[in-house]
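Hydrogens, waters and symmetry mates play no part in the numbers below; they use all other heavy atoms, side chains included.
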Amino acid sequence: MSYTDATLQLLSPAGALVESDATAPYLPFVEKLTDDELREFHRVMVLTRAFDLEGTNLQRQGQMGIWVPSLGQEAAQVGSGFAMRPQDHIFPSYREHAVGIIRGLDVINIVRLFRGLTHGGWVPEENGNFHIYTMVLGSHTLHATGYAMGVTLDGKAGTGNPDTDEAVITYFGDGSTSQGDVNEALVFAASYQTPELFFLQNNQWAISVPVSRQSRTPLYLRAGGFGIPGIQIDGNDVLISYAASRKFLDETRAGDGPRFIEALTYRMGAHTSSDDPSKYRTDEETAHWAALDPISRFESYLRSRGEGDDFFRDVATEAADFSEDIRRRTVELGVPPVSDMFDNVYSEPHPQLAEQKLWLEGYEAAYAQGGVGE
Amino acid sequence: MSYTDATLQLLSPAGALVESDATAPYLPFVEKLTDDELREFHRVMVLTRAFDLEGTNLQRQGQMGIWVPSLGQEAAQVGSGFAMRPQDHIFPSYREHAVGIIRGLDVINIVRLFRGLTHGGWVPEENGNFHIYTMVLGSHTLHATGYAMGVTLDGKAGTGNPDTDEAVITYFGDGSTSQGDVNEALVFAASYQTPELFFLQNNQWAISVPVSRQSRTPLYLRAGGFGIPGIQIDGNDVLISYAASRKFLDETRAGDGPRFIEALTYRMGAHTSSDDPSKYRTDEETAHWAALDPISRFESYLRSRGEGDDFFRDVATEAADFSEDIRRRTVELGVPPVSDMFDNVYSEPHPQLAEQKLWLEGYEAAYAQGGVGE
Amino acid sequence: MSALESLPMAKALNAGLRKAMQDNDKVLMMGEDIGPLGGVFRVTEGLQAEFGDRRVMDTPLAESGIVGTAIGLAMRGYRPVCEIQFDGFVFPAFDQITTQLAKLTNRHEGRISMPVVIRIPYGGHIGAVEHHQESPEAYFAHTPGLRVVSPSTPHDAYWMIQEAILSDDPVIFLEPKSRYWPKGDVDLEASGRPLHSTAVAREGTEVTLLGHGAMVSVLLQAADLAADEGTSVEVLDLRSLSPIDYDPILESVRKTGRLVIAQEAPGSVSVGSEIAATVAERAFYSLEAPVLRVSGFDAPFPPAKLETLYLPDADRVLEAVDRALAY
Amino acid sequence: MSALESLPMAKALNAGLRKAMQDNDKVLMMGEDIGPLGGVFRVTEGLQAEFGDRRVMDTPLAESGIVGTAIGLAMRGYRPVCEIQFDGFVFPAFDQITTQLAKLTNRHEGRISMPVVIRIPYGGHIGAVEHHQESPEAYFAHTPGLRVVSPSTPHDAYWMIQEAILSDDPVIFLEPKSRYWPKGDVDLEASGRPLHSTAVAREGTEVTLLGHGAMVSVLLQAADLAADEGTSVEVLDLRSLSPIDYDPILESVRKTGRLVIAQEAPGSVSVGSEIAATVAERAFYSLEAPVLRVSGFDAPFPPAKLETLYLPDADRVLEAVDRALAY
Ligand SMILES: Cc1ncc(C[n+]2csc(CCOP(=O)(O)OP(=O)(O)O)c2C)c(N)n1
Ligand SMILES: Cc1ncc(C[n+]2csc(CCOP(=O)(O)OP(=O)(O)O)c2C)c(N)n1
Ligand SMILES: [Mg+2]
Ligand SMILES: [Mg+2]
């Protein structure tokens with residue numbers, strides 16, 4: 001699947017601004033962006049890619065059990081990530097590393113997750129309201145909707161003040177749109193008119209299954225059937241991702257009801273480090289999308305605006321340091337205490353589990369062998 | 001919710017034929033109907049209502065544990081029921097008594113179900129391919145879709161011969177549209193382009209919950225978002241129910257892919273005999289819909305075509321006999337054998353259950369007391 | 001001095017829910033037909049009128065959606081109480097309950113809590129159609145991260161629902177629907193015992209009977225009949241299915257040497273299996289007879305006209321008591 | 001004479017599936033990524049190439065949809081084999097499995113059959129993320145209408161998958177994913193035993209060890225270690241979790257007087273609980289020690305780095321053996 005007529009784009013693959021009737025409602029959001037903000041877009045996309053490549057290497061070297069790359073999807077994530085306001089809450093799937101970086105998440109926590117030290121890794125409160133990753137596809141979209149229902153109950157949306165009104169954004173993939181939960185989330189969101197943006201990253205594949213198996217009609221149309229306005233954007237264009245997300249987030253936080261964005265992008269890497277894309281997709285296809293790479297496209301745009309080599313060199317250097325830092329801290333990560341297995345299950349005391357914990361401690365003490373490290 | 005501009009109607013509430021650009025594609029199907037066929041429409045609607053009233057009485061008199069009325073929805077069911085061809089398969093919810101009658105189901109089996117003698121009551125093969133009722137809302141729509149996938153695999157659809165090509169129709173309610181399963185059924189149907197008609201009876205209520213809680217946009221639009229053509233019809237107009245179903249069934253059996261119909265109707269009675277509508281809806285609303293009664297509307301139409309009193313009297317008499325017969329056979333129904341509890345669970349021998357059956361038989365033999373009848 | 005009021009369990013639950021909503025405005029009710037209708041069993045009757053439709057929500061018809069959005073509301077600081085209309089309709093929500101609700105605290109390394117209560121009317125004896133008479137407790141009692149309780153009396157119902165709502169952990173609250181209507185004394189002043197405790201419903205010396213929910217009244221009936229025949233039977237009300245409070249059970253078994261467990265659910269891989277296995281292990285030297293289980297058969301709950309044959313009754317319990325005594 | 005071939009379990013399953021598809025063209029494969037990719041564990045590798053994408057279907061990404069449409073296909077006369085990608089992802093299909101697949105034959109008064117197989121790679125030992133290492137067998141073994149089996153060797157895998165597909169009842173087919181790769185001899189001529197039978201994996205006299213799936217190799221390892229210390233241990237491979245073939249278990253226990261059950265699943269309300277309860281009842285006078293269970297803890301399966309502490313290993317099994325012998 002490639003772009004349709006309906007696909008909104010602010011930056012051509014060559015990096016030129018697209019001014020048309022279709023883009024008119026979105027250009028103003030971009031015009032408001034300062035040079036520094038535009039530089040930030042580039043900077044985070046590059047940092048994210050560096051983190052991603054480092055993650056892939058670390059996994060290859062056995063430092064992580066699995067790695068889930070975001071390679072190729074940086075524009076969709078960075079644009080929407082910068083469109084959020086501080087008070088907004090994000091319910092990601094498991095690939096939104098760039099959004100985590102934007103929200104101030106220390107990404108070593110993502111490493112902790114994929115290294116097998118934790119099933120989560122962080123709490124949203126301390127990390128820019130960036131919630132933890134969810135592995136059961138689509139189930140988090142209902143959590144996002146419920147959270148947004150709570151925002152409404154608290155009267156924290158629709159007051160007309162964009163600096164305090166809260167919005168919720170949830171990310172999910174093309175394959176996940178087939179899950180009952182995602183569709184039920186659309187039902188509840190429409191029914192309760194939640195302040196919520198559904199952000200679909202259509203990266204063309206659900207592991208080895210093409211999006212055409214999930215739907216024969218563009219997925220942004222799905223939302224309309226539930227009474228939710230939806231649009232389709234070029235997900236490799238960071239500017240439209242920003243502008244469309246900013247527009248929809250501010251509409252939904254203002255009380256206009258939920259919104260839906262389908263960002264057409266491409267998973268340039270494997271689904272995860274365990275995957276072998278050569279079994280199901282062609283080099284031609286990958287090459288086609290490589291030519292649409294979000295970072296080089298935006299770099300051309302910045303250069304066309306007069307941005308010079310120094311900036312790009314500095315960002316590259318920072319990215320190298322960033323990777324280096326991650327690598328160093330990764331190999332230093334210890335193993336979690338045995339108590340994690342028991343103490344985190346319930347918020348209140350649980351005699352049965354306490355007993356089992358006690359038994360294991362006694363057993364471990366008695367038998368030197370067995371246990372961690374083995 | 002009442003009719004929208006999009007609502008297709010062939011018979012005005014007064015019973016006059018509506019000829020317009022909108023109805024043009026549907027009128028030909030009606031013009032092909034013989035007088036006898038039109039009389040059949042009336043006859044089955046009246047028989048169904050009689051059966052329904054008898055069911056309500058029998059339940060009140062303790063002859064059934066519960067009754068699920070179809071009162072008010074006769075036109076939606078009879079029109080679509082007569083639109084089917086002999087080879088078609090029907091996956092009903094639990095309210096489609098009229099369709100059962102049309103397909104040759106001995107409705108005493110519906111009584112057996114609600115009397116608590118069985119969880120099913122019949123097999124489709126021997127009852128015009130009318131499958132059993134499903135109580136878990138929406139789950140049967142996936143069975144219908146899977147069945148329709150099988151029709152395609154068998155090459156029994158899309159050959160171009162409407163007399164042998166098979167289609168599948170599934171019935172469900174407005175509340176059920178919120179279930180994940182119904183939406184997943186739309187995903188699979190669109191993906192595999194099944195020969196299948198989704199027939200939604202929007203009777204305005206899910207027990208005490210109005211359809212506005214399920215959706216703020218007309219439900220027929222839901223289908224379009226999945227790439228499935230959908231229309232909204234006046235469900236109290238038996239002619240449009242017939243014409244639209246006939247048109248869509250023949251399109252889908254011809255291989256054009258799934259179709260969707262939303263029939264706007266009204267549940268004139270209680271949700272079930274256990275329900276108390278006075279707690280949640282007004283007499284005004286019920287009166288409004290009573291004025292749109294499907295049977296009297298169609299009777300006016302027939303009379304306008306010259307149908308005389310004799311016919312209507314004969315049908316009334318037949319309906320009375322029909323009820324009388326049901327009543328007689330209901331009170332004569334015995335209780336199922338204990339063995340039903342064990343022998344029907346598996347198709348192949350199951351030692352564990354056989355053992356438990358043996359134990360119960362021995363126990364029952366030993367202890368006179370306990371068991372059925374008590 | 002304590003204020004006793006005679007109430008049926010449905011009204012006791014209604015009073016408990018009202019109290020919980022008055023005490024904490026973060027408490028919400030969600031479900032199908034719980035608003036103007038007051039629930040198909042009228043357990044939430046009048047609550048929407050009193051607290052408004054923002055705190056007592058008739059939701060769209062989707063159980064996964066109900067539990068999934070309740071989770072999101074809990075993340076926002078609310079304490080949702082979800083009503084599942086009937087036992088058999090909890091399964092569309094099973095993924096949200098087992099992979100999300102039960103595990104989110106653990107997934108967050110214990111740093112968030114999930115105060116969500118899921119109320120489920122369960123069990124037979126009401127002659128209803130399929131999916132309306134089941135006992136699904138085993139599925140939840142096997143799932144780490146959940147707490148599972150079931151009251152057998154109006155008094156316990158009034159207090160346990162409030163304690164469940166106060167719990168910072170998810171609680172599956174099983175309401176024995178056949179017990180909704182019989183009245184019982186409710187002490188509005190004091191609960192008398194903690195949420196997760198087994199209670200002695202009747203003291204005895206020769207055999208211990210254990211059950212929960214609607215089975216407790218059956219066991220008490222059996223105890224009466226046994227007494228007529230000169231057998232002294234102790235009856236325990238399990239109350240908490242997860243975690244299980246074993247001390248009173250073991251104490252009783254050490255005294256009587258015999259245990260019969262009764263439950264409506266299919267016996268295989270059931271809560272009864274767990275208790276039988278654990279008691280057989282921990283009271284190995286005290287048992288004079290094997291722990292016997294009287295359960296629903298390993299078949300789907302039958303059509304209404306056969307339910308009396310499926311459900312354990314006093315006679316079937318006594319047959320097991322006789323077998324236990326015969327060892 | 002019999003044709004022996006040395007195969008890893010994944011390839012044995014692949015061969016069994018191919019054979020079943022060749023033998024009966026009503027047999028279909030459905031699932032996520034089972035086509036060109038051959039499944040994430042390559043169990044269906046090459047099947048789509050050989051049988052086409054109408055018989056080996058990559059479905060939309062929805063487990064309830066997969067099982068629900070498989071039910072419809074079975075009603076049409078097909079014999080679908082569904083692959084659930086990982087144990088933790090079966091729950092979205094739980095409603096279709098428990099309220100529909102398991103009950104439709106009964107609902108039709110025994111007049112239709114439901115020949116659907118649901119393959120689930122399950123269990124730990126592979127260091128994966130959450131939802132990828134669970135053992136959900138208790139949920140299915142408690143559900144009337146289902147059959148539940150799990151092979152522990154490539155030979156059993158090859159035959160049991162074919163027997164499951166031949167069964168006219170729904171079968172939950174649990175594949176111990178950590179055993180996909182080790183090779184074992186497969187006799188392509190004869191199965192040697194029926195689907196629902198417990199097998200003696202190693203004969204012994206003093207203690208009986210019982211387990212299924214990946215646990216069997218752990219038990220055999222424990223038996224070796226015990227032998228070194230002069231203890232003769234019998235190892236039973238459960239193979240069928242529902243129904244359970246008790247005769248070989250009771251026979252063994254009557255001989256050894258001691259039973260230790262090992263399983264990866266949380267112990268509470270588990271298959272191990274059921275067997276412990278039943279054996280304690282039926283072999284009451286033969287048991288010289290209580291039936292002991294070595295299980296996963298009643299906590300969610302932990303992060304990979306802690307899995308060796310969660311999963312029963314030979315040492316933990318032997319600790320229980322020592323306790324059993326100490327009685
Ligand atoms: C309920 C569920 N089923 C199956 C899986 C296994 N799985 C993990 S990712 C994936 C594909 C997801 O595709 P998509 O939604 O498009 O997201 P993407 O990975 O492409 O970003 C699958 C099948 C899962 N995690 N959850
Ligand atoms: C999964 C599930 N949840 C809840 C119920 C209880 N219930 C039975 S009918 C009903 C309302 C159904 O409304 P609708 O789909 O509009 O069909 P109608 O009864 O109006 O024909 C409910 C909530 C059920 N049967 N199944
Ligand atoms: Mg994708
Ligand atoms: Mg309705």
Side-chain angles (χ1 to χ4, degrees), chain B residues 65-66 68 94 112-120 133 135-139 173-181 206-210 213-215 271 274-277 279-281 335-338 340-342 344-345 350 352-353 356-357 359-360 363-364 366-367 369-374, chain C residues 31-42 45 53 57-66 68 85-86 88-89 91-93 95-96 126-133 266-268 295-316 318-320:
Chain B
I66 190 171
V68 182
Y94 42 74
R112 288 178 59 234
L113 170 63
F114 294 125
R115 190 178 168 90
L117 306 181
T118 172
H119 287 323
Y133 286 168
M135 302 288 161
V136 181
L137 294 170
S139 49
D174 44 292
S176 304
T177 60
S178 295
Q179 287 287 352
D181 274 7
I207 305 186
S208 70
V209 181
R213 166 55 68 208
Q214 317 294 342
S215 181
H271 170 70
S274 321
D275 180 37
D276 173 9
K279 284 193 173 284
Y280 55 82
R281 66 187 191 185
V335 293
V338 182
D340 271 17
M341 201 156 67
F342 301 96
N344 298 340
V345 181
H350 195 280
Q352 197 168 306
L353 216 47
Q356 294 178 13
K357 177 186 178 187
W359 179 89
L360 181 59
Y363 168 83
E364 283 299 302
Y367 289 62
Q369 72 258 53
V372 177
E374 272 211 354
Chain C
E32 297 157 4
D33 307 293
I34 67 169
L37 189 64
V40 294
F41 291 107
R42 305 295 184 267
E45 190 145 52
D53 61 7
M57 297 185 244
D58 270 334
T59 63
L61 211 174
E63 288 75 12
S64 190
I66 292 170
Q85 200 159 72
F86 283 93
F89 306 136
F91 297 106
D95 178 57
Q96 283 289 344
I126 68 163
V129 293
E130 194 179 6
H131 313 292
H132 293 66
Q133 305 220 83
S268 283
S295 311
F297 298 103
D298 291 315
F301 197 97
K305 293 284 191 212
L306 291 175
E307 82 172 55
T308 55
L309 281 170
Y310 183 88
L311 291 165
D313 58 9
D315 292 329
R316 258 166 67 187
L318 289 172
E319 186 271 348

Quiz item: With only heavy atoms counted, which part of B:P277 is less than 4.5 Å from chain C, the side chain, the backbone, both or neither?
Solution: neither

Quiz item: Counting heavy-atom pairs under 4.5 Å to chain B, which of C:A62, C:A304, C:P60 comes out on top?
Solution: C:P60

Quiz item: What part of C:F301 is in contact with chain B, defined as an atom under 4.5 angstrom from a non-hydrogen atom: side chain, backbone, both or neither?
Solution: backbone

Practice problem: Would you mind checking which part of C:F89 comes under 4.5 Å of any heavy atom in chain B, side chain (CB onward), backbone (N, CA, C, O), both or neither? | Solution: side chain

Exercise. Decide yes or no for C:L61 and B:L137: does some side-chain heavy atom of the first lie under 4.5 Å from some side-chain heavy atom of the second?
Key: yes

Quiz prompt | Heavy-atom side-chain contact between B:K279 and C:E45 under 4.5 Å | solution = yes

Quiz item: Is the closest side-chain heavy-atom distance between C:E319 and B:W359 below 4.5 Å?
Solution: yes

Exercise. Counting only heavy atoms closer than 4.5 Å, note whether C:S268 contacts chain B via side chain, backbone, both or neither.
Key: side chain

Quiz item: Where do B:L113 and C:V129 come nearest, in terms of heavy atoms and distance?
Solution: O-CG1, 4.4 Å

Quiz item: In Å, rounded to the nearest 0.5 Å, how long is the span from NZ of C:K305 to OG1 of B:T118?
Solution: 13.5 Å

Practice problem: Check whether any side-chain heavy atom of C:Q85 sits under 4.5 Å from a side-chain heavy atom of B:I207, and report yes or no. | Solution: yes

Quiz item: chain B: which of C:L311, C:T59, C:V40 shares the most heavy-atom pairs with it under 4.5 Å?
Solution: C:T59

Exercise. Would you check if the side chain of B:Q356 reaches a backbone N or O of C:D298 as a donor-acceptor pair within less than 3.5 Å?
Key: yes

Quiz prompt | Closest-packed option against chain B by number of heavy-atom pairs under 4.5 Å, given C:I126, C:D58, C:L37, C:D33 | solution = C:D33

Self-check item: Contact origin within B:D276 toward chain C - heavy atom pairs under 4.5 Å
Solution: both

Self-check item: Closest non-hydrogen atom pair between C:P300 and B:V345, with its separation
Solution: CD-CG2, 3.6 Å

Quiz item: Side chain, backbone, both or neither: which part of C:E307 has an atom under 4.5 Å from a heavy atom of chain B?
Solution: neither

Quiz prompt | Leading residue by heavy atom contact count with chain C [cutoff under 4.5 Å; candidates B:H350, B:R115, B:K357] | solution = B:R115

Quiz prompt | Straight-line distance of C:F297 CZ to B:M341 CE, nearest 0.5 Å | solution = 5.0 Å

Quiz prompt | Per-residue contact mode, B:L117 against chain C (heavy atom under 4.5 angstrom) | solution = both

Self-check item: Heavy-atom contact with chain C under 4.5 Å, split by part of B:S176
Solution: backbone

Quiz item: Considering only heavy atoms from C-beta outward, does the side chain of C:L306 approach that of B:P336 to under 4.5 Å?
Solution: yes

Quiz item: Rounded to the nearest 0.5 Å, what separation is found between the NE2 atom of C:H132 and the OG atom of B:S274?
Solution: 8.5 Å

